[in-house]
Asks: 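Got a structure for you, written out below as structure tokens; questions coming shortly.
If you read the sequence from its start, that first residue is 1, and numbering goes on from there. First listed ligand is number 1; within each ligand, the first listed atom is number 1.
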Amino acid sequence: MALQFYNTLSRRKEEFEPLHGKKVCMYSCGPTVYNFAHIGNLRSYVFVDVLKRYLEWKGYAVTHVMNITDVDDKTINGAKAEGVPLRAFTERYEKAFFDDLSALNIKPATKYPRATEHVGDMIKMIQKLLDAGVAYKKDDGIYYRIAAFKKYGALSHLDRASLKSGASGVRADEYAKDAASDFALWKAWDDADGDVYWDAPFGRGRPGWHIECSAMSSKYLGDSFDIHTGGVDLVFPHHENEIAQSEAATGKPFVKYWLHCEHLMVDGRKMAKSLGNFYTLRDIEARGGDATALRYLLISTHYRSQLNFTFDALIQAKNTVDSLNDFAERLREAKGRPAGRIPRDASYKSDSERMKDLTAHARRKFEEYMDDDLNVAYALTVVFDFVREANKLLSSGEMDAASAKEALAFMEDADRVLGVLKRKKKREIPAEARELVDAREAARRKGDYVEADRIRALLRGKGIVIEDSKEGVRVKWLD
Ligand code: AMP
Ligand code: ZN
């Protein structure tokens, strides 16, 4: 089966065929930097990360652009409330956003363009729309005439018959479907904007939110590109308006595949700043939660299903991530038994041959599920089945070194997409501690368990633990 994505535009799964061979151009709506991101926002960024990692896993070269909205009503109000310049205000939250991405092991986009640095591009696009007669001027700004765009409503399946003719015009960037009407491309300056303004041929003011994404995506990805992502709340009006602006300005199809991530919920309601029911990553960490566990929790439910957040689920996610890391660590350390012994499973010539089969099967199934519109939940069951089988061999001392390597290669390959295995290089166990481990072994062989226990306690005091297993002694740092 080929790679398929559910396209919001057609409301069905479609085979993925990029416009230019193995090159994929992708745009994601990024944060409005007026506050810390909540973990609902983070779900949409982690989703994009898995999408991008999987495309790369499949051998595509991905150019990924994510915008930073650093000028809008919310950022202007925030800066005003604190009495600081807009940039000083947004800088803080922009930095926090990048910290969150890094804590969640999200691979950086190719480019993070800021809206304030692309107002010239937006002005050009608005001028085009004015010249084409799709936009018009009012006292308080420039508006887009939605009646002039035949396909308006195609993405959100809006009933065109319900559109009011001679629509009054919406100045706010966000509004409900039943308020669909001409929307602001440019907001004329007024006192409330203070020193935040740009001078355009059509007057002093600032851009609306929607034009930002149309102008910046075409600048970096071209007039037509492959994938556009966002949370489901952006389908209307934001993405509908992006299509209307871009296609009217360029005359070309804007985006081939629209992918939208469902909401993170709390007690049955969307997690949202406006509802006050949100947690930031800092809140989670302050309660002892762990960023990698959060990443795991957020990706383990299909991106098109709602996910209800609970701390219990976060604890479970932490246990799972720990067990995956522990398994990978044991494989890394596995010295293995000598190769060439009679395999456990008589239908194989050797254990390593059996392991090759296990990994090949797991890799195939993993890809099959991920190809099906990124079914991470099912792909994870493949990983768990694999871990269970491989663990049996490992724990009974039946795994040879080549098989351990093979198994580890599968885990690390799957993790190129999942991103939950520890990245930090292993801290070395100092030579002096290794000597103590050997001394303890020697004591045990002599039957001197008092001495063996004394050395174990000594090592523990240095933060090093010893575990005895069938594979031999494992030595690791306590943390
Ligand atoms: P904002 O910073 O409000 O512009 O939102 C940034 C991204 O987070 C957008 O793609 C939103 O669709 C998405 N988003 C907002 N709330 C949630 C939520 N509760 N669950 C998932 N995604 C969300
Ligand atoms: Zn956008």
Side-chain angles (χ1 to χ4, degrees), residues 8 26-51 64-75 78 90 93-94 96-98 100-101 104 106 109 112-115 118 122 125 155-156 172-174 183 185 207-221 225 227-246 254-255 258-281 294 297-299 301-309:
T8 307
M26 173 159 115
Y27 185 90
S28 304
C29 292
T32 306
V33 281
Y34 74 106
N35 207 330
F36 295 107
H38 61 65
I39 59 174
N41 302 131
L42 297 180
R43 181 184 190 196
S44 70
Y45 307 137
V46 169
F47 149 64
V48 177
D49 186 52
V50 169
L51 167 62
H64 180 215
V65 174
M66 179 179 270
N67 66 303
I68 307 265
T69 301
D70 60 349
V71 54
D72 77 328
D73 298 344
K74 290 181 267 196
T75 43
T90 57
Y93 297 111
E94 190 183 291
F97 164 70
F98 286 119
D100 288 352
L101 295 194
L104 288 167
I106 291 175
Y112 293 99
R114 290 189 192 109
H118 294 79
M122 300 175 213
M125 193 174 250
L155 183 73
S156 53
D173 290 321
E174 290 167 75
F183 60 90
L185 295 167
W209 172 38
H210 314 299
I211 196 70
E212 173 189 320
C213 289
S214 282
M216 296 200 284
S217 60
S218 65
K219 173 160 185 151
Y220 294 106
L221 302 172
F225 57 92
I227 302 178
H228 196 312
T229 73
V232 281
D233 54 320
L234 299 189
V235 176
F236 187 88
H238 186 49
H239 291 162
E240 197 70 64
N241 292 352
E242 278 189 42
I243 296 173
Q245 295 164 153
S246 293
F254 180 40
V255 168
W258 287 89
L259 272 64
H260 292 99
C261 160
E262 253 298 347
H263 283 144
L264 185 69
M265 315 289 286
V266 188
D267 301 328
R269 298 171 85 192
K270 172 190 170 189
M271 180 175 286
K273 277 173 204 144
S274 56
L275 296 174
N277 61 351
F278 65 90
Y279 300 106
T280 64
L281 183 55
L294 179 65
L297 179 64
L298 295 177
I299 66 172
T301 293
H302 194 276
Y303 76 90
R304 282 193 295 114
S305 301
Q306 291 185 344
L307 165 61
N308 198 49
F309 176 78

Asks: Of the non-hydrogen atoms in T69 and E212, which two are nearest, and what is the gap between them?
Replies: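 Residues T69 and E212, closest heavy atoms: OG1-OE2, 2.7 Å.
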Asks: Can you label the angle between the H118 ring and the Y220 ring as parallel, tilted or perpendicular, going by 30° and 60°?
Replies: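 Correct class here is perpendicular.
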Asks: Is the distance between the ring centroids of H38 and F309 less than 6.0 Å?
Replies: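 Not under 6.0 Å, so no.
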Asks: Which of parallel (below 30°), tilted (30 to 60°) and perpendicular (above 60°) describes H210 and F183?
Replies: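 Correct class here is perpendicular.
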Asks: For residues 33-49, pull every pair meeting salt bridge (charged side-chain N to carboxylate O under 4.0 Å, His left out), keeping only residues two or more places apart or in separate chains.
Replies: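 Output for this query lists D49-R53, D49-R295.
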Asks: Look at the side chain of T75 and the backbone N and O of Y34, then say whether any donor-acceptor pair between them is shorter than 3.5 Å.
Replies: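 A pair under 3.5 Å: no.
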Asks: List the steps and the verdict of ring pair (Phe, Tyr, Trp, His ring centres under 6.0 Å) for F36 and F97.
Replies: CA-CA 7 Å; F36 295 107; F97 164 70; over 10 Å; no
Asks: Going by the rule side chain to side chain donor-acceptor pair (under 3.5 Å), which residues pair with Y112 if we only count those two or more places apart in sequence or in a different chain?
Replies: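 With neighbours one apart ignored, the set is empty.
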Asks: Kindly print each ligand 1 N/O atom paired with any protein N/O atom under 3.5 angstrom away, one pair per line, or none if nothing qualifies.
Replies:
from     : atom 1 : to   : atom 2 : distance (Å)
ligand 1 : 2 (O)  : T32  : N      : 3.2
ligand 1 : 4 (O)  : T32  : OG1    : 3.3
ligand 1 : 5 (O)  : N41  : ND2    : 3.3
ligand 1 : 8 (O)  : N41  : ND2    : 3.0
ligand 1 : 8 (O)  : S44  : OG     : 3.3
ligand 1 : 10 (O) : G231 : N      : 3.1
ligand 1 : 12 (O) : G231 : N      : 3.2
ligand 1 : 12 (O) : D233 : OD1    : 2.5
ligand 1 : 12 (O) : D233 : OD2    : 3.3
ligand 1 : 19 (N) : L264 : O      : 3.1
ligand 1 : 19 (N) : M271 : O      : 2.8
ligand 1 : 20 (N) : G40  : O      : 3.4
ligand 1 : 20 (N) : L264 : N      : 2.8
ligand 1 : 22 (N) : G40  : O      : 3.0

Asks: Which protein atoms of type N, O or S are found under 2.8 Å from the Zn ion (ligand 2)?
Replies: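 Per the 2.8 Å query on the Zn ion (ligand 2), atoms found are C29 SG, C213 SG, H238 NE2.
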Asks: Has N35 got a side-chain atom pairing as donor or acceptor with Y93's backbone, closer than 3.5 angstrom?
Replies: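 Looks like no, no N/O pair under 3.5 Å.
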